[in-house]
Trainee: 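I'd like to ask you about the structure that follows.
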There are 2 protein chains.
Amino acid sequence: MSKRRISIQDIARRAGVSHSTVSRALRDNSVISPKVREEIKQLAREMNYVPNAIAQSLLSSRTNTIGVVVTSIADPFFAEVVEGIEQVARSAGLSVVLSASHRDVEEEIAAINNFNRRRVDGILVADSRTGKQHMKQLAQIAMPTVLINSQSKEQSQMFHSVEIDDRLGGKLAVEHLVSLGHKRIGYLGVGDHSKSNQQRLEGYRMALSEANLSPMSVVVAISDEDNIRASDVATGQQMLPKLVTAGVTGIFCYNDMVAVGALLACQELGISVPQDLSLVGFDGIALSGYVTPPLTTICQPMLEIGCSAMQMLLDLLQEKTVENRVLSPFLVQRGSSAALLPKVPKQYLI
Amino acid sequence: MSKRRISIQDIARRAGVSHSTVSRALRDNSVISPKVREEIKQLAREMNYVPNAIAQSLLSSRTNTIGVVVTSIADPFFAEVVEGIEQVARSAGLSVVLSASHRDVEEEIAAINNFNRRRVDGILVADSRTGKQHMKQLAQIAMPTVLINSQSKEQSQMFHSVEIDDRLGGKLAVEHLVSLGHKRIGYLGVGDHSKSNQQRLEGYRMALSEANLSPMSVVVAISDEDNIRASDVATGQQMLPKLVTAGVTGIFCYNDMVAVGALLACQELGISVPQDLSLVGFDGIALSGYVTPPLTTICQPMLEIGCSAMQMLLDLLQEKTVENRVLSPFLVQRGSSAALLPKVPKQYLI
DNA sequence: CTGAAAGCGCTAACAC
DNA sequence: GTGTTAGCGCTTTCAG
């Protein structure tokens with residue numbers, strides 16, 4: 001393992017020319033005669049020369065690198081988003097530095113500061129939790145930044161962003177249940193103060209009032225800390241009974257994992273889905289199609305969210321003007337929701 | 001957006017000292033008087049100075065960056081592995097550059113070459129498909145490299161690696177089915193020539209012969225190309241009927257996604273799992289616990305694989321001697337496998 | 001204790 | 001066409 005890598009100088013010495021000639025030859029500068037150009041390239045190949053991107057970056061002040069912060073890499077939702085990001089980044093010749101924040105504001109900021117030190121060309125932050133106090137700090141970094149599904153209201157105005165229309169999603173979910181004849185519809189949410197949770201809840205309320213239905217019991221899991229959220233599956237599992245006791249026939253769940261938890265609870269309690277209870281999830285992660293029954297859910301175009309955010313960043317890097325995007329989720333109807341059966345009094349049942 | 005960032009020079013000018021004094025002060029060099037040290041640090045803070053990691057890297061020839069190649073970021077297995085990698089990398093002060101190869105050797109090599117140009121301190125490659133021809137090319141890069149679940153036999157000797165014992169896994173799966181009384185056991189594999197597929201198959205054969213059972217029809221899904229593998233779920237779905245026709249009562253599936261496909265096929269065909277047929281998966285991804293019935297599966301310690309590989313790379317960077325690791329998978333018994341019921345002739349059934 | 005100077009590997013004016 | 005030189009931002013001898 002030779003520590004000292006071979007440089008443009010080494011090639012120059014061997015070729016009996018100056019290092020700048022080598023540089024020019026390697027970059028196909030037309031001012032060098034085609035003949036020596038080829039010779040030098042050949043020599044470089046023989047010597048296993050690999051250009052030093054660090055040195056190039058120092059000079060050009062472009063690292064061809066972007067930083068990405070997500071809450072968790074193992075989360076299927078963000079994994080898919082990052083997949084999209086990486087695809088368009090790579091096809092544009094950019095590499096992706098990935099960091100996980102685990103929903104912790106401090107970690108999120110640390111990651112961004114790290115990106116700043118590394119002089120990445122741009123930053124993508126998913127599910128940002130950063131509040132007002134740190135916003136200015138970030139804003140003054142003045143590095144092209146695109147937020148994905150930002151979780152704090154003020155940010156969307158200060159930064160570029162691509163977001164999903166959570167309110168529309170909530171509305172679609174509930175409208176679907178209403179169209180199936182459900183009248184007693186609950187919401188099973190999570191306990192943090194994230195914007196997405198609040199807006200999905202708002203959509204729920206809107207759809208109900210438009211259907212002239214009064215909101216049923218809204219159950220929101222309460223976690224100890226604002227930032228520390230218990231496993232979504234556990235939340236769904238624990239909270240389902242409350243809604244059932246309240247007599248709902250349909251439930252809109254904050255996301256697919258919560259819905260899966262609810263589904264598990266139903267299996268345990270002998271409640272059959274969708275006969276006794278209709279369930280609607282959110283996100284459209286792969287898992288949602290594989291549980292029994294497969295989940296009716298509000299899909300986010302996860303790959304598109306990633307691609308779109310990365311494309312926006314690319315435009316920003318080329319000094320183009322960009323407009324924030326709000327993508328629309330859509331309903332995918334599967335087995336976990338069904339028409340409300342007319343209540344048959346028990347004595348008529350076998 | 002000021003293009004020119006503030007540098008150590010700018011601080012020096014304002015402080016009326018030389019840039020080297022500033023550098024020393026910032027790095028807590030004891031040779032600088034504590035007083036001016038503080039003053040300079042304060043000034044740096046006021047001026048929003050952020051050290052340029054690129055310049056530092058050029059000098060130190062360390063980038064504090066490692067490169068990671070996986071087949072797909074969205075694959076739940078690798079997502080979990082990367083989560084582990086990122087955790088220990090970050091706690092060691094290293095950043096992670098992530099690249100997806102999509103099981104394509106060319107892309108894998110391109111990613112590694114890119115890492116080489118960027119002068120990352122080390123490389124982690126998961127599920128490597130690189131064959132002999134390119135191995136030397138990679139070997140001469142002479143960059144600390146750790147392979148994770150390498151898919152080509154020769155590699156394990158030339159490079160450092162952490163791997164799962166696939167043969168043991170296959171053996172455990174089949175032994176489990178045997179212990180439940182199954183005698184007609186099939187294998188549902190995938191069509192590529194990956195080492196993992198072959199070794200799980202080997203484990204299957206070993207367990208059968210140790211139990212004095214003759215290998216039942218071994219069905220391996222065939223995909224068009226060696227490298228292009230159809231969706232694992234689809235493979236499971238399509239191949240299941242073949243095994244059923246062959247009269248098996250238990251099936252060991254290449255991985256959990258294949259098993260899910262098999263499960264879906266069973267639901268369609270009215271075969272109940274585990275009453276009519278026992279299913280065992282491999283990997284232990286989250287999904288496996290949420291389908292109905294939850295999958296009995298051979299778990300890989302995914303997080304540990306990632307952490308372990310990264311730790312090995314860390315050791316390599318400190319010139320420690322390291323030993324390759326082979327981790328053991330373990331059985332997690334859930335609802336998809338059950339004791340073989342004694343065959344009751346049809347005429348006695350209601 | 002502090003400054004001047006060299007150099008990490010590369011690109012791009014500017015000379016010849 | 002090709003070489004010389006400066007400089008990207010930083011760390012680190014080496015003098016003083």
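Below, read A as the first sequence line, B as the second, and so on, with proteins coming before strands; counting in each chain starts at 1. For clarity, every value in this text was computed on a predicted model and none was experimentally measured.
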Trainee: What range of DNA chain C does chain B touch, first nucleotide to last, counting atoms under 4.0 Å from its heavy atoms?
Mentor: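 The contacted stretch runs from dC1(C) to dG9(C).
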
Trainee: Any heavy-atom pair between the side chains of Ile148(B) and Ser161(B) that's under 4.5 Å?
Mentor: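 Of all side-chain heavy-atom pairs linking Ile148(B) with Ser161(B), none is under 4.5 Å.
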
Trainee: Using a strict 4.0 Å threshold on nitrogen-to-oxygen distance, state whether Arg129(B) and Asp104(B) make a salt bridge.
Mentor: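 No, no charged N to carboxylate O under 4.0 Å.
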
Trainee: With the side chain counted from C-beta on, respond yes when Val125(B) and Ile112(B) share a heavy-atom pair under 4.5 Å apart, and no when they do not.
Mentor: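 Sidechains of Ile112(B) and Val125(B): in contact.
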
Trainee: Hey, are Glu163(B) and Asn149(B) close enough side-chain-wise for a donor-acceptor pair under 3.5 Å?
Mentor: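 No pair is found: no donor N or O on one side chain lies under 3.5 Å from an acceptor on the other.
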
Trainee: Do His102(B) and Thr71(B) touch side chain to side chain, with heavy atoms closer than 4.5 Å?
Mentor: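 No, too far: nothing below the 4.5 Å cut-off.
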
Trainee: Regarding Arg118(B) and Ser95(A), is there a side-chain donor-to-acceptor distance under 3.5 Å anywhere?
Mentor: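 Result is yes, a qualifying pair exists.
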
Trainee: Under a 4.0 Å N-O cut-off, is there an ion pair linking Lys41(A) with Glu46(A)?
Mentor: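 No salt bridge links Lys41(A) with Glu46(A).
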
Trainee: Taking five pairs at each end, how big is the angle between the two axes of the helix from dC1(C)-dG16(D) to dC16(C)-dG1(D), to 10°?
Mentor: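 So the angle between the two local helix axes works out to 50°.
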
Trainee: With the threshold set at 4.0 Å, does a side-chain nitrogen-carboxylate oxygen contact exist between Arg103(B) and Glu108(B)?
Mentor: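 Looking at Glu108(B) together with Arg103(B), the answer is no, because their closest N to O distance does not fall below 4.0 Å.
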
Trainee: Taking the side chain from Ser99(A) and the backbone from Ala111(A), do they hold a donor-acceptor pair closer than 3.5 Å?
Mentor: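 No.
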
Trainee: Answer with yes or no whether the side chains of Arg117(B) and Asn64(A) bring together a donor and an acceptor at under 3.5 Å.
Mentor: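 Their side chains do not contain a donor-acceptor pair, so the 3.5 Å distance test is not met.
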
Trainee: How does protein reach along nucleotides 9-16 of chain D, written 5' to 3' as B (base within reach of a heavy atom under 4.0 Å), S (only sugar-phosphate), or - (no contact)?
Mentor: BBBBB---

